[in-house]
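One structure is given here, and the rest of the page talks about it.
Computed from heavy atoms alone, side chains included, the values below leave out hydrogens, waters and symmetry copies. Just so you know, residue 1 is the first one in the sequence shown, and it goes up from there. Just so it is clear, the model here is predicted, and its values are computed rather than measured.
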Amino acid sequence: MAKNVVVVGTQWGDEGKGKIVDWLTDHAQGVVRFQGGHNAGHTLVVGTTEYKLNLVPSGIVHEGVGCYIGNGVVLDIHHLLKEIRDLEAGGIRVRDRLKVSPGCPLILAYHAALDNAREAAKSAGDKIGTTGKGIGPTYEDKVARRALRVYDLFDKDRFAAKLRANLDYHNFVLTQYLKAPAVDFQSVFEQAMADGEEIRPLVTDVSAELHRINKSGGSLLFEGAQGTLLDIDHGTYPFVTSSNSAAGQAAVGSGVGPGSLHYVLGIVKAYCTRVGGGPFPTELDIETAGAPGEQMSSKGREFGTVTKRKRRCGWLDLPALKRSIIINGVTGLCITKLDVLDGIPELRLCTGYELDGRKVDLLPLGAEEVARCKPIYESLPGWSATTYGAKSWNALPPEARAYLHRIEEICEVPLDVISTGPEREETILRRHPFGV
């Protein structure tokens, strides 16, 4: 009987979803990406080889598994084709297994131009910290019903007419309001036509294909990008991404019914990180040598896969995690990067906030409210033994097990998986998401 699993980040992204999707792919016939764009980055380590993926689902390194880019993804085809070629150069077969929805909105050169010009025009405190890759402006075009989609590529005249109308509008904003250069029609058009011809064999009715797999008894794995606290509706708005990154989007962004989502695995780092602007209640100093925040930053190699920016680091925030659990309907949790905390004598867990003189135990909505939250901490003893590469629960130090039990107790959700390193086998399984 088919069982479908959704993997989502429960923090501000960068939780280690890629490794977990790769690890779970052994039990799936298809892996589906359902939102975001090439502003997301997943790093996989298989043996001695490291793969960095932005758009191609993390299941691609498994032979025989289908990979799908759903309609909820905004697509820079030129970037996707480069990613495919890079994987092929590393010996991974891609084109016979990767399928792309014709409904994906296209990211074109003017979207990135708008993204960068807007960010440049903001004052330092107002900058969102976007990747500048055009994701937000493309989602805006989608909602405004002027987006060009993959299927438009295959009608040259229709594509040209829509592109010309879009450039008339966006070039006016670029030149007159943002004082930035205009984007040339011909270069965008020619690049899009060339990319469209190359991607044409991959374009498939993804919704129908996923339905067929489930009907034949096959299981699916849905892969989210970013994290729940960056969700456009539920995150620390306006310091958020431009898509819905919560589990419910797996249905809408791939064309399956919500009843087909059977298990939601929430990925949570053993501490917190954030890239770019926005409030971060448990943030620590990451520059002072030997301080907990500096250890998280350096030992955790906390640099963005896409942006290479240094990530902000802080203690694990349980009110934020509980908000994510509610939003996603999390079935079970997976803790990653536990080993980064090895050797810190005293650990702190944020168990609530003081907000305007009252205690709250859930992350509020909106950046302004979150910025006023003062964390309430509970201290736990750290451990000196290493947890790196542990493969069983009993192999963890007693203090590490107590730390994990406390997270489980406060969040009231079972801790089903513990990732203790980047390799597939460096994983402790307590309950399998696919029920095997």
Side-chain angles (χ1 to χ4, degrees), residues 7 9-11 14-20 22-24 43 45 265-273 282-286 288-302 311 313-322 324-325 330-352 375-433:
V7 174
T10 59
Q11 295 165 308
D14 310 309
E15 299 94 349
K17 298 180 290 296
K19 177 246 171 123
I20 299 303
D22 172 59
W23 175 71
L24 287 170
T43 301
V45 179
L265 182 65
I267 313 300
V268 54
K269 209 176 286 187
Y271 51 100
C272 278
T273 62
T282 65
E283 185 170 10
L284 294 170
D285 166 25
I286 63 171
T288 301
E294 189 274 335
Q295 176 169 321
M296 294 170 188
S297 178
S298 58
K299 189 173 181 179
R301 299 171 63 192
E302 295 296 354
R311 296 174 185 140
C313 299
W315 297 116
L316 183 56
D317 186 330
L318 296 185
L321 177 56
K322 288 195 289 184
S324 291
I325 287 167
V330 167
T331 314
L333 290 171
C334 168
I335 294 277
T336 64
K337 288 196 168 183
L338 182 66
D339 63 286
V340 173
L341 301 182
D342 292 354
I344 298 177
E346 180 186 11
L347 302 177
R348 307 185 88 187
L349 281 174
C350 175
T351 58
I376 298 169
Y377 287 116
E378 179 178 302
S379 293
L380 289 90
W383 53 89
S384 56
T386 182
T387 61
Y388 187 87
K391 297 180 176 66
S392 71
W393 177 255
N394 288 334
L396 296 173
E399 297 87 354
R401 296 199 300 268
Y403 180 77
L404 298 174
H405 270 313
R406 188 63 179 139
I407 295 168
E408 236 178 357
E409 184 178 46
I410 293 172
C411 293
E412 299 180 314
V413 172
L415 179 53
D416 287 344
V417 182
I418 301 129
S419 173
T420 59
E423 296 278 1
R424 291 170 182 164
E425 64 271 16
E426 293 170 337
T427 307
I428 298 170
L429 177 64
R430 301 176 79 199
R431 182 177 63 149
H432 203 291

With sequence neighbours excluded, what pairs up with Arg406 under the salt bridge (charged side-chain N to carboxylate O under 4.0 Å, His left out) test? Glu378, Glu409
Between Val413 and Lys322, is the side chain to side chain contact (heavy atoms under 4.5 Å, CB included) condition met? List the steps. CA-CA 9 Å; Val413 172; Lys322 288 195 289 184; over 6 Å; no
Would you find a donor on one side and an acceptor on the other, under 3.5 Å apart, between the side chain of Tyr403 and the backbone of Ala270? yes
Does Lys269 reach the main-chain N or O of Asp14 with its side chain, forming a donor-acceptor pair under 3.5 Å? yes
Drop me the distance from Cys313's SG to Asp285's CG, to the nearest 0.5 angstrom. 10.5 Å
Measure the CE-CD1 distance between Met296 and Ile286 for me, rounded to the nearest 0.5 Å. 11.0 Å
Could you tell me the separation between the CG atom of Leu333 and the SG atom of Cys411, rounded to the nearest 0.5 Å? 6.5 Å
Within a radius of less than 6.0 Å around CD of Glu425, do more than 12 heavy atoms belonging to other residues, nucleotides or ligands occur? yes
Could you tell me if the side chain of Trp383 sits less than 4.5 Å from the side chain of Leu396, heavy atoms only? no
Is it the case that the side chain of Thr331 and the backbone of Leu265 share a donor-acceptor pair, with hydrogens and angles ignored and the cut-off at 3.5 Å? no
With sequence neighbours excluded, residues passing salt bridge (charged side-chain N to carboxylate O under 4.0 Å, His left out) with Arg401: none
Report the distance from atom CG of Leu338 to atom OG1 of Thr386, rounding to the nearest 0.5 Å. 9.5 Å
Can you measure from CG (Leu347) to CG (Leu341) and round to the nearest 0.5 angstrom? 5.5 Å
One thing to verify: whether Arg424 and Asp22 come together as a salt bridge, which I'm taking to mean a side-chain N less than 4.0 angstrom from a carboxylate O. yes
Taking the side chain from Lys391 and the backbone from Thr420, do they hold a donor-acceptor pair closer than 3.5 Å? no
Using side-chain heavy atoms (C-beta onward) and a distance below 4.5 Å, is Gln11 in contact with Tyr271? no
Restricting to side-chain contact (heavy atoms from CB on, under 4.5 Å), what partner residues turn up for Lys299, sequence neighbours left out? Gln295, Asp339, Val340, Asp342
Can any side-chain N or O of Ser379 pair as donor or acceptor with the backbone N or O of Arg348 at less than 3.5 Å? no
With a 3.5 Å distance limit and no angle check, can you tell me whether Thr336 reaches the backbone of Glu15 through a side-chain donor-acceptor pair? yes
Does Glu408 use its side chain to pair, donor to acceptor, with the backbone of Leu415 at less than 3.5 Å? yes
